[in-house]
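For reference, the structure discussed in these notes is given below.
Every chain is numbered from 1, with letters handed out A, B, ... down the list of sequences. Just so you know, these numbers use all the heavy atoms, side chains as well, and skip hydrogens, waters and symmetry mates.
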Number of protein chains: 2
Amino acid sequence: MPRATINDIARQAGVSPTAVSFAFNSPARLSTTTVERILAVARDMGYMPNPLSRGLVAGHVGVLGLIVPQALREIFANPFFATLQQGIGSVCDEHNLGLLTLSPQNNSLELAIARAPVDGFIIVGLNEQHHEVLPLRKRGIPFVIVDGDAEIAQSVNSADEESAYAAAAHLLEQGHREVLILAFDMPHRHLDNIFYGVGARRTWGYQRAFANYGVEWRDSWFLPTQGSVEGGAQRFAQALDEGYRPTAILTASDLIALGVLRAARQRGIQIPNDLEVIGYDDIPVAELVSPALSTVRQPIMEKGRIAGELLVAALSGDTGAERVVLAAELILRETTR
Amino acid sequence: MPRATINDIARQAGVSPTAVSFAFNSPARLSTTTVERILAVARDMGYMPNPLSRGLVAGHVGVLGLIVPQALREIFANPFFATLQQGIGSVCDEHNLGLLTLSPQNNSLELAIARAPVDGFIIVGLNEQHHEVLPLRKRGIPFVIVDGDAEIAQSVNSADEESAYAAAAHLLEQGHREVLILAFDMPHRHLDNIFYGVGARRTWGYQRAFANYGVEWRDSWFLPTQGSVEGGAQRFAQALDEGYRPTAILTASDLIALGVLRAARQRGIQIPNDLEVIGYDDIPVAELVSPALSTVRQPIMEKGRIAGELLVAALSGDTGAERVVLAAELILRETTR
DNA sequence: GGCTATTAGTAAAGGCCTTTACTAATAGCC
DNA sequence: GGCTATTAGTAAAGGCCTTTACTAATAGCC
């Protein structure tokens with residue numbers, strides 16, 4: 001049994017399809033009794049106007065797209081995204097929008113973007129020059145970049161270089177010289193230069209700190225790490241097995257740091273006495289675990305909220321191109337001395 | 001500048017719109033050189049076929065809808081939903097689908113459902129008889145109910161009554177007689193009878209335990225509570241102010257229980273010595289906090305995964321109507337003696 | 001009672017794409 | 001060299017809805 005269409009309702013109610021459309025969209029154009037008759041028939045048959053057709057003629061569907069170059073499963077496991085979505089969600093709530101979360105499809109983010117029935121995109125972790133993003137620019141579809149580089153497009157970022165500098169400087173200041181860095185693993189390697197965006201800025205910050213304190217920078221102590229508790233635990237354990245003996249660790253995210261804590265506990269490494277650890281993000285659990293995690297706090301929810309607001313403004317024709325940079329601060333808890 | 005359509009590309013490439021469509025969807029129908037010429041023009045103009053039109057003729061858009069009767073902001077703040085979405089997300093990843101999360105729009109969930117450009121729904125916390133759900137049944141749009149009652153539709157639930165019984169029985173067994181229950185606050189009050197689904201089943205379980213242990217059931221000790229840390233903290237503090245002196249507490253969710261822990265700490269109440277607390281869900285933080293939370297573990301991720309799989313099966317024509325009930329178990333940690 | 005204004009509705013075009021049925025041209029074959 | 005088979009494309013219909021321009025009937029008015 002195929003779904004009832006506007007024509008079925010029209011026939012059943014003895015009116016034209018136009019009248020059915022009016023009953024839903026401009027009931028004032030019809031007499032009250034006709035509107036009621038039409039709506040009663042519609043209710044009877046469970047009819048609702050097809051959102052796709054409606055969107056096609058209206059030019060919008062009331063959905064924001066959130067594009068992330070990681071699997072949905074990982075996104076929803078990551079408190080960073082949960083908090084970011086809270087921020088975006090608060091804007092959606094206000095404007096009666098839905099939030100469509102999208103991952104690569106058949107390993108192609110471009111495909112996912114092309115197929116998305118949305119009014120605009122919030123894109124996390126890509127630059128405006130990425131080949132997935134270019135078509136949007138050419139096509140004039142509104143989007144906002146979060147945690148990525150942008151010269152032309154709108155973007156929201158944190159002060160990554162400064163905060164990375166602060167974290168590294170703190171450890172070097174304490175006299176640490178064997179500092180291991182568990183960095184992002186750049187899920188998005190298809191560009192010639194994988195060194196962009198958040199990862200690049202943080203690395204510059206670290207390197208600047210090392211230079212300032214006269215400490216040699218060793219690429220071999222900079223280890224790309226999968227961004228999860230499991231990933232952090234494994235990478236740290238592996239590093240130990242390979243002979244690394246760090247006295248301090250900087251991680252690209254709190255999740256990775258939590259993994260380090262777990263692996264350290266298993267190996268009997270005392271934190272912060274044997275090893276100091278600084279995470280990044282300040283996700284809610286960071287202060288709940290024991291020892292409480294020292295970390296760099298970035299205003300994630302704010303990031304999402306601003307990104308949402310910029311996008312909503314763009315959807316209603318605002319063509320400004322803001323590039324917002326939010327402050328981040330070092331929070332010292334119990335994984336540092 | 002309006003967006004390029006298939007006709008613009010056709011004109012520019014000197015072919016018919018049909019040819020452009022073929023270039024994207026069935027390139028074998030065209031010569032290689034033509035396909036390349038068309039795709040080059042498309043790339044140049046940032047053209048991608050409009051997902052709405054495509055969806056309209058294809059009959060599907062590759063998006064699952066997740067419907068929750070709470071604000072998006074709250075959903076993304078709630079680890080229960082994060083884990084549920086992880087489960088659903090793993091199915092989406094596998095089948096190249098997006099996940100559209102939807103909240104009431106203008107206070108109407110029905111409106112949100114009507115406007116959603118999706119292929120099917122996962123509906124959390126409503127019954128199949130709710131007026132929001134009825135049109136989907138009549139219209140034949142596939143959906144799966146999670147944490148709600150269903151006789152006809154597909155559904156995924158936990159063994160709520162049994163696990164609530166077990167939690168209450170454990171406390172009563174220990175001799176507690178002043179047991180406060182911080183229950184769901186039923187955001188969805190529009191039905192005559194607000195007593196349905198998860199909340200109702202758990203309450204039956206509690207009541208059965210009270211009856212079995214010969215303890216009087218007092219409605220006044222059953223307090224609807226907003227499902228967040230803040231909500232739990234406030235409700236508990238308010239109860240104390242009103243003169244309640246519970247020796248044990250059962251909560252509808254771990255978030256509420258975490259709120260109780262926080263408020264208890266502020267008031268100098270020792271847990272578990274002065275007060276035993278049992279949460280519900282076993283969200284990841286439950287075992288990280290101190291004291292670690294005793295709770296009822298339900299397989300949330302599994303719930304999401306199964307709901308996703310049932311829906312995907314329904315989308316490909318599987319008309320079975322499974323009603324899955326997952327086991328839940330009492331986990332005793334440090335908030336019970 | 002004849003004119004204008006309003007009310008209640010319809011017909012047709014258009015939003016953007018895909019698919020089916022067709023045509024024209026070339027290739028293959030003995 | 002004339003037939004069939006294949007290749008490369010096009011025209012037109014159709015997916016479901018909304019909006020614009022129109023018509024017909026009624027109401028209002030002096």
Does any non-hydrogen side-chain atom of [Y] lie less than 4.5 Å from one of [X]?
| X | Y | result |
| --- | --- | --- |
| B:Thr34 | B:Phe22 | no |
| A:Gln129 | A:Tyr196 | no |
| A:Arg37 | A:Thr33 | no |
| B:Leu326 | B:Val156 | yes |

* To do: Using only side-chain N and O atoms of B:Tyr47, determine if any of them is under 4.0 Å from OP1 or OP2 of C:dC17.
  => yes
* To do: Determine: side-chain N/O of B:Asn50 to OP1/OP2 of C:dC17, distance under 4.0 Å, yes or no.
  => no
Spacing between [X] atom [atom1] and [N] atom [atom2], to the nearest angstrom:
| X | N | atom1 | atom2 | answer |
| --- | --- | --- | --- | --- |
| B:Leu56 | D:dG15 | CG | C1' | 4 Å |
| A:Asn25 | D:dC17 | CG | P | 11 Å |
| B:Asp8 | C:dG15 | CG | P | 11 Å |
| A:Leu52 | C:dT18 | CG | P | 14 Å |
| A:Arg3 | D:dC16 | CZ | C1' | 13 Å |
| B:Glu36 | D:dA8 | CD | C1' | 15 Å |
| B:His60 | D:dG15 | NE2 | P | 16 Å |
| B:Ile6 | C:dT18 | CD1 | C1' | 8 Å |

* Between B:Arg54 and B:Ala28, which is nearer to the 5' end of DNA chain D once each is assigned its nearest nucleotide? -> B:Ala28
* Asked: Within the structure shown, what part of the strands sits under 4.0 Å from A:Ser21 by heavy-atom distance: base, sugar-phosphate, or nothing?
  -> base
* **Interatomic spacing from CG in A:Asp93 to OG in B:Ser103 - rounded to 0.5 Å** =>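 The distance works out to 5.0 Å.
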* Canonical and wobble pairing (Watson-Crick, G-U, under 3.5 Å) of DNA chain D, dot-bracket with | -> ||||||||||||||||||||||||||||||
* Criterion side-chain contact (heavy atoms from CB on, under 4.5 Å) on B:Lys303 and B:Asp147, from CA distance to verdict -> CA-CA 9 Å; B:Lys303 219 174 206 176; B:Asp147 280 357; 2.5 Å; yes
* **Flag if over 12 foreign heavy atoms under 6.0 Å of CZ, B:Arg305** => yes
* Asked: Should the heavy atoms of other residues, nucleotides or ligands under 6.0 Å from CG of B:Asn25 be counted, would the total exceed 12?
  ->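 Atom CG in B:Asn25 is packed in, count exceeds 12.
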* To do: Between D:dC17, C:dT18, D:dT18, spot the one nearest the side chain of A:Ser53, thanks.
  =>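 Given the options D:dC17, C:dT18, D:dT18, the side chain of A:Ser53 is closest to D:dC17.
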* Stepwise, does the side-chain contact (heavy atoms from CB on, under 4.5 Å) test hold for A:Ile123 with A:Leu136? -> CA-CA 11 Å; A:Ile123 300 175; A:Leu136 297 180; 3.7 Å; yes
Protein-nucleotides 9-12 of chain D N/O pairs closer than 3.5 Å?
| residue | atom | partner | partner atom | Å |
| --- | --- | --- | --- | --- |
| D:dG9 | OP1 | B:Thr34 | OG1 | 2.7 |
| D:dG9 | OP2 | B:Ser31 | N | 2.7 |
| D:dG9 | OP2 | B:Ser31 | OG | 3.0 |
| D:dG9 | OP2 | B:Thr34 | OG1 | 3.0 |
| D:dG9 | O6 | B:Arg29 | NH2 | 2.6 |
| D:dT10 | OP1 | B:Ser16 | N | 3.2 |
| D:dT10 | OP2 | B:Ser16 | N | 3.0 |
| D:dT10 | OP2 | B:Ser16 | OG | 2.6 |
| D:dA11 | N7 | B:Thr18 | OG1 | 3.4 |
| D:dA11 | N6 | B:Thr18 | OG1 | 3.1 |
| D:dA12 | N6 | B:Thr18 | OG1 | 3.4 |

